[in-house]
Amino acid sequence: MNEIKKLIDGFSRFRAQHYEGNGAAFKRLVHHGQAPKIMVIACCDSRVDPAIITDCDPGDLFVVRNVANLMPPCETTGHYHGTSAALEFAVRFLEVRHVIVLGHTGCGGIRALLQGVSGKDDLGQFIKPWMEIAAAARTKALAETKTKQSTDVERACEQAAIQVSLTNLLSFPWVRERVEKQQLALHGWYFDLENGELRRYNPANNNFDSLAAVPVNHTV
Ligand SMILES: [Zn+2]
């Protein structure tokens, strides 16, 4: 049970930091509610927690995480649209100013999209249809990656999937309206785990540039 003990010990430190001593900021959040300015759509991958890698505090980020950090298109069917619900809450209720789609290298979801989920019986029954959101990214990566090395195709697909999600964000009318009025900015970020770099999609050159090289206030 050492795995769980780590969490319990961690909560003790969190409690000491935010409820005792210098805990005024967190208490304010508790009593007055959250007002984050940034929503992040991140992957479930345990290595890419957005608050940890950006060293943010409680109240800074409104986060939804799903397999491969995908934003589905706007659909009004009666299904369980968890990510769309999070987006609606962030944009229409919290009125965040930024939405960041945060992808990363070595994404297992993207690998499943490219290689398929092989296994017995119903293995992958939820992952497969979910990853089809990024089918266009797979097509693009396979067509445009010259080397055909599997890692190169994966990197290209991870980045193309971020672009698909940015496009899908604009299929929500209340997102598009706010982007056009410059009340909301959309960002595509890519965390390179191997090199410890954060890259940002630059629509001017269609590349993922090092974070410092792209103006902060761009939108797609
Ligand atoms: Zn991932």
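Values reported hereafter were calculated over all heavy atoms of this structure, with side chains retained and with hydrogens, waters and symmetry mates removed. Order of listing sets the numbers, starting from 1, for every ligand and every atom in it. None of the values given here were measured: they were computed from a predicted structure.
In terms of the side-chain contact (heavy atoms from CB on, under 4.5 Å) criterion, Thr139 has no residue partners (sequence neighbours excluded).
Here Phe11 sits in one hydrophobic cluster together with Phe14, Tyr19, Phe26, Leu29, Val30; the rule is ILVMFWY side chains under 4.5 Å apart, joined directly or through other members.
For the Zn ion (ligand 1), the nearby protein N/O/S atoms, meaning those under 2.8 Å, are Cys43 SG, His104 NE2, Cys107 SG.
The heavy-atom pair separating Ser84 from Phe172 by the smallest distance is OG-CZ, 3.5 Å.
Gln163 has its side chain within reach of Asn206: a pair of non-hydrogen atoms, C-beta onward, lies under 4.5 Å apart.
The local environment of CD in Glu194 is crowded, with over 12 non-hydrogen atoms from other residues, nucleotides or ligands closer than 6.0 Å.
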For residues 57-66, which side-chain N or O atoms pair as donor and acceptor with protein atoms under 3.5 Å away, sequence neighbours left out?
residue : atom : partner : partner atom : Å
Asp60   : OD2  : Asp57   : N            : 2.7
Arg65   : NE   : Cys43   : O            : 2.8
Arg65   : NH2  : Cys43   : O            : 3.1
Arg65   : NH2  : Asp45   : O            : 2.7
Asn66   : OD1  : Asn69   : N            : 3.1
Asn66   : OD1  : Leu70   : N            : 2.8
Asn66   : ND2  : Leu70   : O            : 2.9
Asn66   : ND2  : Thr83   : OG1          : 3.0

